[in-house]
Amino acid sequence: MYKIFDLHNDYFLSIVGDIKKKSYIDKQEQAGNIISAVWTSELNERESFSMIESARDFVNSSEKLFLGVEDLHFIGKDNLERLVDLKPVYAGLTWNRSNALAGGAHECGGITSLGKKVVKTLEENNIKVDLAHLNEESFNDVAKNLTKPMFCSHTAFYGLCETSRNLKDYQIKMIVGSGGLVGLCLVSMFINGTNKCDIGDIVSHIDYFACRFGIDNLAIGTDFYGTRHLPRGISTYKALSAELSKRLLKLGYTEKSINKILFENANRFFKKVG
C-alpha cells in the first residue's frame with residue numbers, strides 16, 4: 001500500500017496530551033510523513049508561541065513529523081526572529097480573516113508592508129510561505145514578493161467547486177510554473193460545496209489537476225482534525241491510501257504516478273527546499 005506525505009494535519013491542537021498524540025501518530029502506518037500544523041487564530045501572542053514551541057519539541061521526537069504554522073496574526077517586527085528560530089517548514093500569513101500581514105480568504109485586502117517583510121524573512125530562512133487561506137488579492141501580492149517555488153498546503157480547485165478557499169486555474173499555473181507544490185485537502189465543502197463528499201469526488205479533483213497541469217506538483221494536505229466533514233469512510237491514512245489508489249488505478253494512473261501524488265512529490269519538495 002502507498003504511503004502518504006500529509007502537508008497539513010491539525011491533530012496537535014485537537015488531541016490533548018503528548019501520550020495521546022504519540023499514540024495517534026504511531027497508529028498511522030500509512031503516513032510516510034506528517035506536517036503538524038499549529039492553528040493560532042484563537043490564540044494570543046504568548047499562547048501562540050507556547051503552542052508552537054510545544055509542537056516543535058514534539059515533532060523533533062519523530063523523523064516522520066514536521067512543523068507548520070497556520071496564521072501569523074501574532075507576528076510583528078519584534079518577534080519575527082523568534083518564529084524563525086522555531087524552524088517551521090512553512091507558515092501561513094492568515095487564516096480566513098484578514099490581519100496585519102494580509103487579506104484572509106473570507107475578507108478583503110492585500111499584503112501589507114509588514115507582510116512583505118515577513119515573506120522576505122521567511123524565504124531567507126528557507127521557511128515556505130503557505131498560500132492557503134489567502135484571498136485572491138493577497139495571493140497575487142505574495143506571489144510578486146516570492147523568489148522561490150510557491151506552496152499551498154491544503155486547498156481544492158475552483159474549476160470544480162467555486163469557493164474562496166479554492167485555487168483558480170491561473171493560480172495553479174503560477175504555482176506549477178514556479179516549480180511549487182499544491183496540497184489537495186479532504187474538506188467536503190471545498191470539494192463539492194456541501195458537507196458530504198466521497199472518495200470519488202476527491203479523485204475528480206486529482207484528475208482535474210492532472211489533466212491540466214500534470215502530476216509533478218500535486219500532493220495531499222488532508223486537513224485531518226481541521227474539519228468535521230471528511231469524505232465518507234475516510235478518517236485514517238490507511239483508508240485514504242487504499243481507496244485513492246484503487247480508484248486511480250482503475251482510471252489508468254500508474255503505480256509510479258500514484259506514489260508521486262501521495263508521497264514522492266511532497267517528499268522531494270521539502271528535501272529540496274530545506
Side-chain angles (χ1 to χ4, degrees), residues 1-12 25-26 28-38 52 55-70 72 83-93 118-132 142-143 145-155 167 172-185 206 209-210 213-224 237 240-241 244-245 248 253-274:
M1 195 177 291
Y2 305 87
K3 288 190 176 296
I4 293 175
F5 191 131
D6 187 0
L7 299 176
H8 194 93
N9 185 324
D10 283 299
Y11 75 89
F12 192 83
I25 296 300
D26 289 345
Q28 307 309 309
E29 309 97 346
Q30 295 310 125
N33 294 99
I34 299 172
I35 298 184
S36 310
V38 179
I52 296 166
R56 184 271 317 272
D57 294 341
F58 184 79
V59 303
N60 283 350
S61 68
S62 172
E63 292 184 355
K64 74 192 295 182
L65 300 178
F66 296 85
L67 174 64
V69 180
E70 186 173 31
L72 296 183
L83 174 72
V84 168
D85 289 342
L86 293 170
K87 296 181 171 58
V89 292
Y90 71 69
L93 300 183
V118 171
V119 167
K120 184 174 186 293
T121 301
L122 293 179
E123 277 211 321
E124 288 174 348
N125 289 277
N126 290 321
I127 300 170
K128 302 304 294 181
V129 179
D130 187 8
L131 298 164
V142 171
N145 285 273
L146 292 174
T147 62
K148 296 181 179 181
M150 299 167 67
F151 171 72
C152 187
S153 67
H154 60 304
T155 186
L167 294 177
I172 300 171
K173 187 175 180 179
M174 289 168 69
I175 296 173
V176 171
S178 75
L181 189 68
V182 176
L184 175 62
C185 73
I206 290 175
F209 188 107
F213 309 102
I215 62 165
D216 292 337
N217 305 86
L218 178 61
I220 302 295
T222 63
D223 210 12
F224 280 157
Y237 292 108
L240 178 61
S241 175
L244 271 184
S245 58
L248 290 172
Y253 285 77
T254 66
E255 291 189 359
K256 182 178 180 180
S257 295
I258 296 169
N259 185 55
K260 277 189 171 186
I261 295 167
L262 298 188
F263 181 82
E264 193 54 43
N265 288 340
N267 190 52
R268 184 183 68 247
F269 185 78
F270 280 101
K271 280 186 176 180
K272 179 179 178 181
V273 300

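Values in this document were obtained by computation on a predicted structure and should not be read as measured data. Numbers for residues simply follow the sequence, beginning at 1.
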Tyr11 vs Asp6, test: side chain to side chain donor-acceptor pair (under 3.5 Å). Steps then yes/no.
CA-CA 12 Å; Tyr11 75 89; Asp6 187 0; over 6 Å; no
After noting the C-alpha distance and the side-chain angles of Ile175 and Cys152, does the key distance pass the side chain to side chain contact (heavy atoms under 4.5 Å, CB included) rule?
CA-CA 8 Å; Ile175 296 173; Cys152 187; 4.2 Å; yes
Chi angles and distances behind the side chain to side chain contact (heavy atoms under 4.5 Å, CB included) call for Ile261, Leu244:
CA-CA 10 Å; Ile261 295 167; Leu244 271 184; over 6 Å; no
Go through the steps for Asn265 and Phe5 under the test side chain to side chain contact (heavy atoms under 4.5 Å, CB included), then give the verdict.
CA-CA 9 Å; Asn265 288 340; Phe5 191 131; over 6 Å; no
Could you go through the side chain to side chain contact (heavy atoms under 4.5 Å, CB included) check for Thr222 and Ile220 one step at a time?
CA-CA 6 Å; Thr222 63; Ile220 302 295; 3.7 Å; yes
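Residues Pro88 and Gly68 come closest through the heavy atom pair CB-CA, 4.4 Å. When all heavy atoms are compared, the tightest approach of Lys128 to Lys148 is NZ-CB, 3.9 Å. Looking at every heavy atom in both residues, Ala210 comes nearest to Ile215 through CB-CG2, 3.8 Å. Listed here is the closest heavy atom pair of Ala266 and Leu181: CA-CD2, 3.8 Å. Of all non-hydrogen atoms in His154 and Gly221, the two that sit nearest each other are CB-O, 3.4 Å. In terms of heavy-atom proximity, Val38 sits nearest to Ala55 at CG2-CB, 3.5 Å.
Note that CG of Leu262 and CG of Asn267 are 12.5 Å apart. Values are rounded to the nearest 0.5 Å. One finds the CD atom of Glu264 at 10.5 Å from the CG atom of Asp216 (value rounded to the nearest 0.5 Å). Rounding to the nearest 0.5 Å places OH of Tyr237 at 4.0 Å from CD1 of Ile34. Here the CG atom belonging to Leu248 is positioned 5.0 Å from the CD1 atom belonging to Ile258, to the nearest 0.5 angstrom. Interatomic distance, NZ of Lys64 versus CD of Gln28, reported as 7.5 Å (0.5 Å rounding). The structure places CZ of Arg268 at 6.5 Å from NZ of Lys260, a figure rounded to the nearest 0.5 Å.
Ring geometry for Phe270 against Tyr90 counts as tilted: the plane angle lies between 30° and 60°, on a 0 to 90° scale.
In this structure, the side chains of Ser245 and Glu255 stay at 4.5 Å or more apart for every pair of heavy atoms. No side-chain heavy atom of Leu83 sits under 4.5 Å from any side-chain heavy atom of Ile127. Looking at Leu167 and Leu131, their side chains never come closer than 4.5 Å, going by heavy atoms from C-beta outward. Residues Phe213 and Leu218 form no side-chain contact, since every pair of their non-hydrogen atoms from C-beta on lies 4.5 Å or further apart. With a 4.5 Å cut-off on side-chain heavy atoms, Phe151 and Asp130 count as touching. Residues Ile4 and Gln30 fail the side-chain proximity criterion, which asks for heavy atoms closer than 4.5 Å. No side-chain heavy atom of Glu123 sits less than 4.5 Å from a side-chain heavy atom of Asn145. The shortest side-chain heavy-atom distance between Asn217 and Phe269 does not fall under the 4.5 Å cut-off.
Put simply, the side chain of Lys87 never gets that close to the backbone of Arg56: no donor and acceptor are under 3.5 Å apart. Listed for the Thr155 side chain is no donor-acceptor partner under 3.5 Å among the backbone atoms of Ala132.
Heavy atoms from other residues, nucleotides or ligands lying under 6.0 Å from NZ of Lys120 number 12 at most.
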